[in-house]
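Source: prediction; values computed, not measured.
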Amino acid sequence: MKNRVSFVLIFFLLSLTINLQAQPAVHPSVNIKALPVNLTQFQMSYFIDTSQEMTFEQIQKQPFIPSKNEITLGPNAKTAWSKIIITNDSAQALRLFLHNSDAYHLQRVDFYETKQGKLLNQTNIELDKSGHKADIFGGSAIFSFMLAAGEKKTIYSKSVTFSHQWYSLELYDEEHSKRALVSSSNYTALLVGMMLALMIYNFFLYLSARKVENIVYALYLISGTIWVALSYGLAANFFGIFSAEILQFNSTLYSMPSFLIIFMMLIFGTKKRHPKEHIALSIILTILAAAFIYSLFDLVSALKPASTLAALMMTVTLGVSISLWRKRDPLAKYFFLGHSMFIIFNMLAVLYYKGLTESNQINSHGVGIGILLEALMMAFILSYRIKTLESIKSAQVELKKLADTDPLTKLYNRRYFEKASAQLITKSQIANAELSVVIADLDYFKAINDTYGHHIGDQVIIEFAKIITKQQRPNDIACRYGGEEFLLLVNCNVEAAKNIAQRIRSEAEKTIIKTQKNEEIRFTVSLGVHPLSCEDDNISEAIALADQALYNAKNKGRNCVATLS
């Protein structure tokens, strides 16, 4: 009994298999009910001519594989045929337009119009040859044909590529055909425009910082812009230049990631700070550089492993950014974010090219969007790094200023005065100008400290420093020489210096400082003035003589200006 059941089951399966094999292949068809015709998604079928030598008569007899109208077949399908069966179910004759919107990157596009297997019309477009091409508009190849009411035709399209086979076919009436041609390059133009804006921004960053990484970033932007323009047909749409004529520029597919890796090395300082990550980046950079050099001699062959190398590059660079983030590099998290966006949008593009996601502007332009987002983050990283370096530089300037400045009065200290005075003396000797030294000492300062406390004493010193600053001219040098003693080196003769000293003395005499108890504190100052001739470069001797003049002022009863003469 079991044997009978098994025999019946086997017989049934064999019969089913024979019946299935006997069924004729069902080819997808496009049925047009009425105007308008705006078909950007429909079913067709394709065939890969691996020999690349089949005639059209031979192609008509081949088994076509059902597919969508947007197709990606990879590098091993250099010659691909599409078959579209179209039936006009409307009550009027239609003039239709078949677009191959990705023709700009192809070597050749052919169209064949047939009815019941008979060839009615054909168009052959050789894109690898220069000259006017009547059936090319922008980056799209256009084939027009008539379809009478109730009529059924089969349109064949042959696509020959240099390396990777991918294309999209759309079917329009005349009005929608014109609209499609007008809007076909809007998104690409936007992407390229933003890349150009980043180039201008980077130029100003370079003027500000003069860093090598700005140059590398510029080269990355240039490579990325060229690649986007080639990938989405901008050159064809705006300038009528096709990929066949500028095929070699596809080498940017290797130069762009190479500049990205060099940018990482520079921005993160991997050679000195992160040797393990530097080795990983160096290895992938070497591979990409070798592929780029190879592409200069045989581009078509060099592009075959492009997808594999791109995946390897993204894996290594993403891993390095994660590693540097874990090591708390302040820029790593920003690079990781930008690079992740690049990878995500590239994955969306890959899924789109494989027909696994719906067609939309984000998926179809995923690579360009990813490049742009990563470029934006790289620009932010450059700006952030410049800001950080400027902060460090500003802090160093501030530290230097603190080292040269008296913390209480904000005047220069004695150490800086000695250095700056030597420079001023040299300038005066060249200009044959006169200099003078003014030394000032607060009268009875110890008594002020003892009576009112050091807080009031400090306030007196601060107020007197303000008086000196007010009377000081741009090229004069003033410093707190020590305690309650102040020193000025002024660009004038001794008579003018005495006038400056008198103004300082007078202003000090008028100054009133109030205590917390509302007591009024007054103070006076004695000053000594001595000339410094242009032949004399001994500032110490001039200061000593000015100090003797100050001693004379003290002996005269204080609150006065004195000289040795």
Side-chain angles (χ1 to χ4, degrees), residues 74-75 163-164 212-224 226-228 231 250-296 301-351 353-354 366-382 384-385:
S163 57
H164 289 63
V212 177
E213 46 265 40
N214 290 94
I215 298 175
V216 174
Y217 177 58
L219 294 172
Y220 170 84
L221 287 175
I222 293 170
S223 297
I226 291 173
W227 196 89
V228 168
S231 298
N250 283 281
S251 296
T252 53
L253 191 61
Y254 290 124
S255 65
M256 184 179 64
S258 298
F259 290 128
L260 174 66
I261 292 173
I262 296 172
F263 179 85
M264 290 182 68
M265 290 176 169
L266 292 171
I267 211 75
F268 295 121
T270 56
K271 187 173 183 179
K272 293 182 178 179
R273 297 167 54 198
H274 309 290
K276 292 182 179 179
E277 289 81 358
H278 186 75
I279 291 173
L281 292 175
S282 298
I283 291 173
I284 190 66
L285 178 61
T286 302
I287 296 172
L288 290 171
F292 175 77
I293 294 171
Y294 180 42
S295 72
L296 300 178
S301 298
L303 290 178
K304 287 184 178 180
S307 300
T308 302
L309 290 181
L312 179 62
M313 181 277 294
M314 287 188 285
T315 302
V316 171
T317 50
L318 189 65
V320 167
S321 64
I322 293 173
S323 175
L324 296 179
W325 190 357
R326 293 180 62 186
K327 291 181 178 181
R328 301 184 181 279
D329 189 294
L331 298 176
K333 59 183 178 182
Y334 301 117
F335 182 84
F336 172 78
L337 176 62
H339 201 49
S340 297
M341 297 300 290
F342 171 79
I343 292 173
I344 289 170
F345 278 95
N346 271 268
M347 289 176 63
L348 290 175
V350 169
L351 293 174
Y353 289 137
K354 290 184 176 295
V367 176
I369 295 171
I371 292 172
L372 177 62
L373 290 175
E374 183 163 60
L376 284 169
M377 187 55 68
M378 290 166 71
F380 171 79
I381 288 172
L382 283 172
Y384 183 89
R385 190 163 185 264

Can you tell me how far apart [atom1] ([X]) and [atom2] ([Y]) are? Round to the nearest 0.5 Å.
X      : Y      : atom1 : atom2 : value
Leu382 : Leu266 : CG    : CG    : 10.0 Å
Met313 : Thr308 : CE    : OG1   : 12.5 Å
Ile322 : Arg326 : CD1   : CZ    : 9.0 Å
Leu372 : Met341 : CG    : CE    : 10.5 Å
Leu318 : Ser323 : CG    : OG    : 11.5 Å
Ile267 : Leu324 : CD1   : CG    : 12.0 Å

| field | Of all pairs that satisfy ring-ring contact (aromatic ring centres under 6.0 Å, His included), the ones with a partner from residues 252-289, not counting sequence neighbours | value |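 For residues 252-289, and leaving out neighbouring residues, the ring-ring contact (aromatic ring centres under 6.0 Å, His included) pairs sorted by first residue read Phe268-Phe335.
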| said: With salt bridge (charged side-chain N to carboxylate O under 4.0 Å, His left out) as the rule and sequence neighbours excluded, what pairs involving residues 308-323 come up? | reply: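 Sorted pair list comes back empty.
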| request: Mind jotting down which residue pairs meet the salt bridge (charged side-chain N to carboxylate O under 4.0 Å, His left out) criterion with at least one end in residues 275-295? Sequence neighbours excluded, please. | output: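 Non-adjacent pairs meeting salt bridge (charged side-chain N to carboxylate O under 4.0 Å, His left out): Glu277-Lys327.
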| query | Who are the ring pair (Phe, Tyr, Trp, His ring centres under 6.0 Å) partners of Tyr220, not counting sequence neighbours? | reply |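 Expected list: none.
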| task | Please step through side chain to side chain contact (heavy atoms under 4.5 Å, CB included) for the pair Ile343 and Met347, ending with a clear verdict. | result | CA-CA 6 Å; Ile343 292 173; Met347 289 176 63; 4.0 Å; yes
Close side-chain approach of [X] and [Y], heavy atoms under 4.5 Å:
X      : Y      : answer
Ile222 : Thr252 : no
Thr270 : Met264 : no
Met314 : Phe342 : yes
Ile226 : Met256 : no

| request: Apply side chain to side chain contact (heavy atoms under 4.5 Å, CB included) to Met378 and Leu221, showing your working. | output: CA-CA 10 Å; Met378 290 166 71; Leu221 287 175; over 6 Å; no
Show me the donor-acceptor pairs within less than 3.5 Å that the side chains of residues 283-296 make with the rest of the protein, sequence neighbours left out.
residue: Thr286; atom: OG1; partner: Ser282; partner atom: O; Å: 2.8
residue: Ser295; atom: OG; partner: Ser251; partner atom: OG; Å: 3.0
residue: Ser295; atom: OG; partner: Phe292; partner atom: O; Å: 2.5

| If you look only at pairs with a residue in residues 331-348, which of them pass as a side-chain hydrogen bond (donor to acceptor under 3.5 Å, both in side chains), with sequence neighbours excluded? | Thr317-His339, His339-Glu374
